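Structure record follows, encoded as structure tokens.
If you read the sequence from its start, that first residue is 1, and numbering goes on from there. One-based numbering, in listed order, for ligands and for the atoms of each. From a predicted model like this one, the values you see are computed outputs, not experimental measurements.
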Amino acid sequence: MSSYNLNTSIAYLKGIGPSRADLLKKELRIRTIGDLLNFFPNRYIDRTSFYKINQLQQNSAEIQIVGKVTSLKTIQQKRGSRLVATFVDETGSIELVWFRAIKWIKESIKMNTPYVIFGKTNYYNRSFSMPHPEMELVSDYKKNLRTAMQPVYPSTEMLTNKGVSNRVIQKMMQSLFEEIDTRFLETLSDEIIYKYNLISKSEALFNIHFPKSQELLTSAQYRLKFEELFFIQLQLIRRKLIRKSKIKGYTFEKVGDYFNIFYKNKLPFELTNAQKRVVKEIRKDLASNAQMNRLLQGDVGSGKTIVALLSILIALDNGYQATLMAPTEILATQHFNSIKELLCDMNIKIELLTGSVKTKARRIIHENLENGELHILIGTHALIEDKVKFKNLGLAIIDEQHRFGVEQRSKLWLKNELPPHVLVMTATPIPRTLAMSVYGDLDISIIDELPPGRKEIATAHRYDSNRLSVFKFMKDEIAKGRQVYVVYPLIKESEKMDYKDLMDGYESISREFPLPKYQVSIVHGKMKPSDKEFEMNRFLKGETQIMVATTVIEVGVNIPNASVMIIESAERFGLSQLHQLRGRVGRGADQSYCILMTSYKLSSDAKTRLKTMVETSDGFKIADVDLKLRGPGNLMGKQQSGVLNLKIADVVNDGEILSQARAMAFEILQKDPSLASPKNKNIRVAYQKLSAESNIWSNIS
Ligand code: ADP
Ligand code: MG
């Protein structure tokens, strides 16, 4: 045993030294022995089993095969030559290929002699090949005893270039385990270990680096994933409990006339069960004396607006003002108009505040807000302006939250004595597992049911060459009185080309759909806001039949008569964006359609996205596929992805472990909020240490 501990710099470990230590710090942020210990392999190579050639799979696993080389030839190419061997076993043959060290390999290979080859296979033209395999004669292979599984550690190009290969990292790990006391402190309580049948921390750390068997590897991974997720959830839930007990909010004790009269006489439809459940959840929050901080998730068209309105009425019933903020002027205006109409002759004063409200009207709004004459204010960013002061803002609702930055949100509640209750609504469904880790300290409500009678939007994928039949289809639908969106991608990096595509598309549509029979609108980001508004309104009123646009129409717009959505270059859109766009149609009683236009050249991810869109309209399923394709870091803003800085668990595949860890964390904190009980001592010590040394948990509001 030595005097090293987990905080000792890795430079003191045998075989590392200052320059390598420096490199590891720069490339992998490994500074101490503890960091190295917690640097986990991302996969393992199983050299305990052999594959037959007819069992090969198209994946990136490194595998080994026993067989013989039956022929060997050098092929001259434009740039250098390549050596190709035919390698056979009793089930088939593959090619082994070398581009380097050809002469040496050619001389050393023994023909028709049993070899073990090892490496990654490629699949091309219906056959497998293995470039630069590791080769060992079967007779030699049998002499060398091997450890079961070999860990493969994440690496960087720089490390590889500087000779820090996987083998070198394995050796470092070995000297770590030789030189320090490997009886690591247990971080979980006996209760948890027993309940989930976990192996000890020490055993897990050993087997994650040097798995003695497949079973122990599985146990080690499970134990470490559980632990990682458990401590994150512990932190999130603890913060939530603290917030609930400390951050007081206004108590909306009653449900009064506004709510009841509206509910009985004005509600234009019966609420879905999901809407009823969510309204109940919100009512409960509002009636408690803690500030509500709730995220409402609901697919496009699931009816979040009415839930927002009912919540607003509860605020009004208790003598408070409410505000609803939307990301665009068009959306804010739409909310304003529809809510105003729903509340007609209810003696509720409601105003719209956007950037284009004139100074004089604006001043009146400001005044009425401050003196309390105004009940509901709907608007855009203009709401956050410093001059806007509420008399008593009780509830702030933010629609389509992904369009607002975090600072913008918190600005809203700096104006009160007590923070208003906050309801954030989003149509970007976040898979439950991700929501639990990212928004773990918010309360979440989900509307997982569409209003009855909605027809599924028929979705099809068409190639550019089918364009004529697509035009024909548009004409047929327009003849029935419907309206059509045609959406083009617009991405900063290729902005110039994208605008050209948009304009070319607009021209060809104008040619195909000529005046005066047809009217075509166009809306894009380079237009003046007032021009945009003008064109949007023409389409809204039904004066134009076709709306050619970039993704500016993505969020929230409600034009029930528009029933066809054509998405150009659909392969360039992300899944959630495609889903949002499709959600613009299917809002009326008519059958709606979404046509995804693409070229023939499609990546495999693009094919998956298109297939998913054609097969399902369930936003949560789509979000799950999206998460799997893109990984969690990309799905959320940068701000939020900090939470997902996981060492071993991953939110895509470990949802079940996450749920267990969360339930356990919740149970423990409920019984022992400050972790003071002796049986939770391990947890308390580990938790304090983690909180002190890391700041990976970013707050979202
Ligand atoms: P989103 O959740 O996308 O904001 P909206 O609130 O705009 O959805 O609602 C979409 C449409 O569905 C609106 O026209 C709304 O009037 C209608 N709607 C909402 N709830 C119901 C319901 N329970 N029954 C019938 N129609 C509903
Ligand atoms: Mg909406």
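- Assignment of Met425 to the shell around ligand 1 is not supported, since no heavy atom sits closer than 4.0 Å.
- A salt bridge is absent between Glu449 and Lys276: the closest approach of a Lys/Arg side-chain nitrogen to an acidic carboxylate oxygen does not fall below 4.0 angstrom.
- A ring-centre distance under 6.0 Å is found for Phe539 and Tyr485.
- Listed by atom number, the atoms of ligand 1 under 4.0 Å from Thr272 heavy atoms are 23 (N).
- Under 4.0 Å from ligand 1, the heavy atoms of Arg587 that appear belong solely to its side chain.
- With respect to Arg538 and Glu535, a salt bridge is recorded, a charged nitrogen being found less than 4.0 Å from a carboxylate O.
- For ligand 1, none of its N or O atoms has an N or O atom of Pro452 under 3.5 Å away.
- Only the backbone of Asp299 comes within 4.0 Å of ligand 1, counting heavy atoms alone; no side-chain atom from C-beta on gets that close.
- At a heavy-atom distance under 4.0 Å, only backbone atoms of Leu271 (N, CA, C or O) approach ligand 1.
- Salt bridge annotation for Asp476-Lys472: present, with a cationic side-chain nitrogen under 4.0 angstrom from a carboxylate oxygen.
- Taking a cut-off of under 4.0 Å to the non-hydrogen atoms of Thr305, the atoms of ligand 1 that pass are 4 (O), 5 (P), 6 (O), 7 (O).
- Checked against a 3.5 angstrom limit, the closest N/O atoms of Gly298 and ligand 1 fall outside it.
- Salt bridge Asp590/Lys455: absent, no basic N to carboxylate O contact under 4.0 Å.
- In this structure, Tyr499 places its OH atom where more than 12 heavy-atom neighbours from other residues, nucleotides or ligands lie under 6.0 Å away.
- Taking the ring centre of Phe473 as origin, the terminal cationic atom of Arg462 falls outside the region bounded by 6.0 Å and 45° from the ring axis.
- Near Glu270, with a cut-off below 4.0 Å to any heavy atom, the atoms of ligand 1 are 22 (C), 23 (N), 24 (N).
- Listed by number with element, the atoms of ligand 1 under 4.0 angstrom from any heavy atom of Ser302 are 2 (O), 8 (O).
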